[in-house]
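Quantities reported herein were computed from a predicted structural model and do not represent experimental measurements.
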Amino acid sequence: MSLKSEHDIIQVKSFVLGQWHEVGTDARDIRSAITGQVIAHAGSAGLDFAAMRDYAVTQGGPALRKMSFHDRARMLKAMALFLTEHKQTLYELSFDTGATQKDHLIDIDGGIGTLLVFASKGRREMPNSTVYVDGELEQLSRSGSFVGQHVCTSLQGVAVHINAFNFPVWGMLEKLAPTLLAGVPAIVKPATSTSYVAEACVRLLIESQLLPSGALQLISGGTGDLLNHLTGQDVLSFTGSQATGTQLRSHPNLLSQATRVVVEQDSLNSTVLGPDVETNSVEFELFVDEVVGEMTTKAGQKCTAIRRIMVPESRVEATIAALSTRLGKTVVGDPRLDSTDMGALVSAAQRKDVVAGLEKLAGETETVFGDVSPVRIQGPELCTDAFMNPVLNYCADPDKAIHVHELEPFGPVATLMGYRCVSHAIEMTNRSQGSLVASVITQDNEVARQMVIEGGAYHGRLYFNNRDSMQESTGHGSPLPHLVHGGPGRAGGGEEMGGVRGVMHYMQRTGVQGSPELLVGITQRWVPGATKVEEVEHPFTQAFHSLNLGQTLKTRSRTITLSDIEQFANFTGDTFYAHMDHEAALRNPFFPGRVAHGYLLLSFAAGLFVEPNEGPVLANTGLDKLRFLTPVEPGDSIAVQLTVKEKTPRNDQYGEVRWHVCILNQSEKMVAEYELLTMNSY
Ligand code: NAP
């Protein structure tokens, strides 16, 4: 085995106040999981942590807050594209963490994918502004002159991200994406054992020059006294073990400052084989696939990995046999080889932890597949200290067992147990006192519903799968940027991602009260009660940028006749009795007699407000929040008021205009109200 020279050893630097800083005098050795050699040094002694926070708050924060959500979303997309171009560098480095190429897809490509999803959600679900409007307008007064609205604005501190070792890229990007989208700068502290991969990723992001100065700083090594400097405007977002999570959340300064702390920690996730699943069915194969995948991907070092497997008591033997056959085919070896299914744990120390965990479980379980004897692997420069085979345990008395439901050996280890009925299975999933995910393989709707009702409170995510969804399903262990990742109690009580929900951890929600007019100014969204301005020029003839919020078109009126209603009924085929049969309509509690179709009113409304000539309006893309409020009888007349409510640029050619539409009758009573969406060119 050739030893690395000092020259080859990666110096994992910190990025502080816009500069790369040499490794401190507290440098720790980082060993390759597969060769056992020291490959990197990291240490943060000498960093001025107070100055780091200050730099983030005075440089990064203001620069990010000048950008709209859409600007930040575009930045996230550009970051993702830049990392994609350079991901090979990250793959190469990551093999030394013990990860296979398949594992890299989860960590590196998964991290890039998360940036892309947040980029897309930022553009589609957030405004092109710096104020996020949360929920509907609240009417606080009789006449509507005093209203309320929740809005969210960026916190003015820094987000400190402390990450676990197992996903050095995804773990960093899944926190960074919502933080930056919120307009908040970040100080990232990766776990030291895989910090060389995270540092390489940060290095790429800095090289890309896509981020404003101060938006991203990196600590490679310990956090020093950083937490002493955090305030109520900062957020600490942590992923790691229960012990560290507990220590951090009880930090005296964070408690006294009421600093937000988001914690994701280890959890005892479980999977349940539904009572309806026969051992010769596709669902059974699916179940075996999911369990084996969860035990072996990343050598089981996944926060969402299945640790407890619950099957009907009558299926225990068959399941152990099927899992053992499949696990027996798992090729444990050099992660750099395509033929390898499972690489190494992150370090020899991690393997020792897992073996110690298994020893504790031994009093409650028997091992039915695998063992902890050293793994024999052939390969140049390989050191087998961090490799281990998957281990499947069986727990015969899960009701009495304690460790099985509490202890998480963070490696390729799971325990199988039998259940008597669905409630028993759910009760056991809940015994972990909070998990990130529980899965159920079933085709039975009742089982799924029971799991949600009896188990939902204990799990951050519930994953159901069967033959109908298996082709496109994403896997028990994959947290998705669209859905929340986190869990109650033992899982840390935190929640990350979940689309825009995850962005809100880095923003302050404020209930704003005032007049409708002031709210338009604040939110850049017109609300009923605010001024409507009529212009001579038809708004459909005006390009996107010339339209003003509150700009209103009031149309002429049109009388609805019985012949209109009959013609519409015969033309569309909608001959519902309320439009056609006076006596029947009278028996209906909603109608005074025959009434016009709601869709007729919408169509006539369009006929009243549309400007027919070719112009800036490119298309009508939909209606939102449509309500029919007052019936229209033959002889009534309607007129329309069309008001510009909100404008959202979509690309460099056109943007979406949201119009508030009121259809009023001859007594100015609201007949229908809705929001119309059009795409308008610039
Ligand atoms: P860990 O030992 O708790 O370390 C996590 C992070 O905390 C590392 O960056 C570590 O830095 C840092 N840290 C430790 N003590 C600290 C302190 N006093 N002040 C500031 N930072 C401190 O956990 P790990 O061994 O890296 O990760 C494995 C665990 O994480 C497993 O239990 C797993 O279940 C859990 N995990 C949970 C999730 C989730 O989303 N819920 C995801 C992945 C992993 P150093 O490395 O420099 O010590």
Side-chain angles (χ1 to χ4, degrees), residues 64 69-70 72-87 90-91 94 97 99 102-126 159 161-186 188 190-191 194 197-198 200-202 204-205 208 210-211 215-216 218 235 237-240 262 264 297-298 301-304 436-437 460-461 463 473-487 494-507:
L64 286 167
F69 292 109
H70 287 200
R72 297 175 206 145
R74 273 190 288 271
M75 177 180 78
L76 293 183
K77 185 171 178 187
M79 287 161 62
L81 298 180
F82 190 86
L83 290 179
T84 303
E85 268 177 52
H86 297 87
K87 65 184 177 184
L90 300 176
Y91 289 164
S94 291
T97 68
K102 225 169 86 194
D103 297 334
H104 300 345
L105 294 183
I106 302 176
D107 186 31
I108 297 159
D109 295 72
I112 294 171
T114 301
L115 283 178
L116 287 171
V117 171
F118 274 99
S120 151
K121 287 195 165 286
R123 294 286 306 283
R124 280 188 293 110
E125 298 174 25
M126 302 185 86
H161 298 166
I162 299 182
N163 295 325
F165 71 79
N166 53 345
F167 288 111
V169 176
W170 176 83
M172 176 167 67
L173 298 182
E174 62 104 12
K175 287 187 171 67
L176 209 47
T179 302
L180 294 174
L181 191 51
V184 174
V188 175
T194 54
V197 182
C201 184
V202 169
L204 287 171
L205 292 176
S208 76
L210 291 163
L211 286 151
L216 175 60
L218 173 74
V235 182
S237 185
F238 166 79
T239 298
V262 180
E264 299 295 332
T297 305
K298 278 296 278 190
Q301 301 163 111
K302 253 177 23 176
C303 52
T304 48
L436 295 172
V437 51
R461 183 160 59 86
Y463 172 92
S473 59
T474 45
H476 161 106
S478 302
L480 298 174
H482 318 70
L483 297 179
V484 293
H485 172 57
E495 216 183 56
E496 292 182 321
M497 302 199 291
V500 173
R501 290 172 194 85
V503 182
M504 295 305 137
H505 295 308
Y506 304 95
M507 304 192 80

Closest approach of [X] to [Y] (non-hydrogen atoms, all atoms of both residues):
| X | Y | result |
| --- | --- | --- |
| Val262 | Gly494 | CG1-CA, 4.3 Å |
| Ala177 | Phe118 | CB-CD1, 3.7 Å |
| Gly487 | Glu264 | N-OE1, 4.2 Å |
| Gly240 | Ala164 | CA-CB, 4.1 Å |
| Gly122 | Phe69 | O-CB, 4.5 Å |
| Ala200 | Leu90 | CB-CD2, 3.7 Å |

Review point. Would Thr179 and His161 count as having a side-chain donor-acceptor pair, cut-off 3.5 Å?
Key: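 Distance-only check passes for Thr179 and His161.
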Review point. Any side-chain donor paired with an acceptor under 3.5 Å for Tyr91 and Asp107?
Key: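 No, Asp107 and Tyr91 have no side-chain donor paired with an acceptor closer than 3.5 Å.
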Find the distance between [atom1] ([X]) and [atom2] ([Y]) and round it off to the nearest 0.5 Å.
| X | Y | atom1 | atom2 | value |
| --- | --- | --- | --- | --- |
| Phe167 | Glu174 | CZ | CD | 10.5 Å |
| Leu81 | Ile112 | CG | CD1 | 9.0 Å |
| Arg72 | His70 | CZ | NE2 | 10.5 Å |
| Thr194 | Asn166 | OG1 | CG | 7.5 Å |
| Met79 | Leu204 | CE | CG | 11.0 Å |

Point to revise | Aromatic ring pairing His485/Trp170, orientation class (parallel under 30°, perpendicular over 60°, tilted between) | key: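 His485 vs Trp170 ring planes: perpendicular.
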Practice item. Apply side chain to side chain contact (heavy atoms under 4.5 Å, CB included) to Leu173 and Leu83, showing your working. Key: CA-CA 11 Å; Leu173 298 182; Leu83 290 179; 3.8 Å; yes
Exercise for review: Salt-bridge test for Lys175 and Glu496: reply yes if a basic N is under 4.0 Å from a carboxylate O, no otherwise.
Suggested key: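 Here Lys175 pairs with Glu496 in a salt bridge, since their nearest N and O are under 4.0 Å apart.
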Less than 4.5 Å apart, side chain to side chain, heavy atoms only: is that true for [X] and [Y]?
| X | Y | answer |
| --- | --- | --- |
| Lys87 | Val169 | no |
| Met497 | Pro479 | yes |
| Leu181 | Lys121 | no |
| Glu495 | His505 | yes |
| Leu64 | Pro185 | yes |
| Val184 | Val235 | no |
| Leu180 | Met75 | yes |
| Ser94 | Ile108 | yes |

Backbone of [Y] reached by a side-chain donor or acceptor of [X] within 3.5 Å:
| X | Y | answer |
| --- | --- | --- |
| Arg461 | His476 | yes |
| Lys102 | Thr297 | no |
| Arg123 | Ser120 | no |
| Glu85 | Phe82 | no |

**Study point:** Criterion side chain to side chain contact (heavy atoms under 4.5 Å, CB included) on Ser473 and Tyr463, from CA distance to verdict
**Key:** CA-CA 9 Å; Ser473 59; Tyr463 172 92; 3.5 Å; yes
Practice item. Applying ring-ring contact (aromatic ring centres under 6.0 Å, His included), name anything that partners His482, two or more places apart in sequence or on another chain. Key: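 Checked His482 against ring-ring contact (aromatic ring centres under 6.0 Å, His included); zero matches.
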Check your understanding: Can you list the steps and then say if Ile106 with Ser478 is a side chain to side chain contact (heavy atoms under 4.5 Å, CB included)?
Key -> CA-CA 8 Å; Ile106 302 176; Ser478 302; 6.0 Å; no
Point to revise | Residue pair Lys77, Leu115: steps toward the side chain to side chain contact (heavy atoms under 4.5 Å, CB included) verdict | key: CA-CA 7 Å; Lys77 185 171 178 187; Leu115 283 178; over 6 Å; no
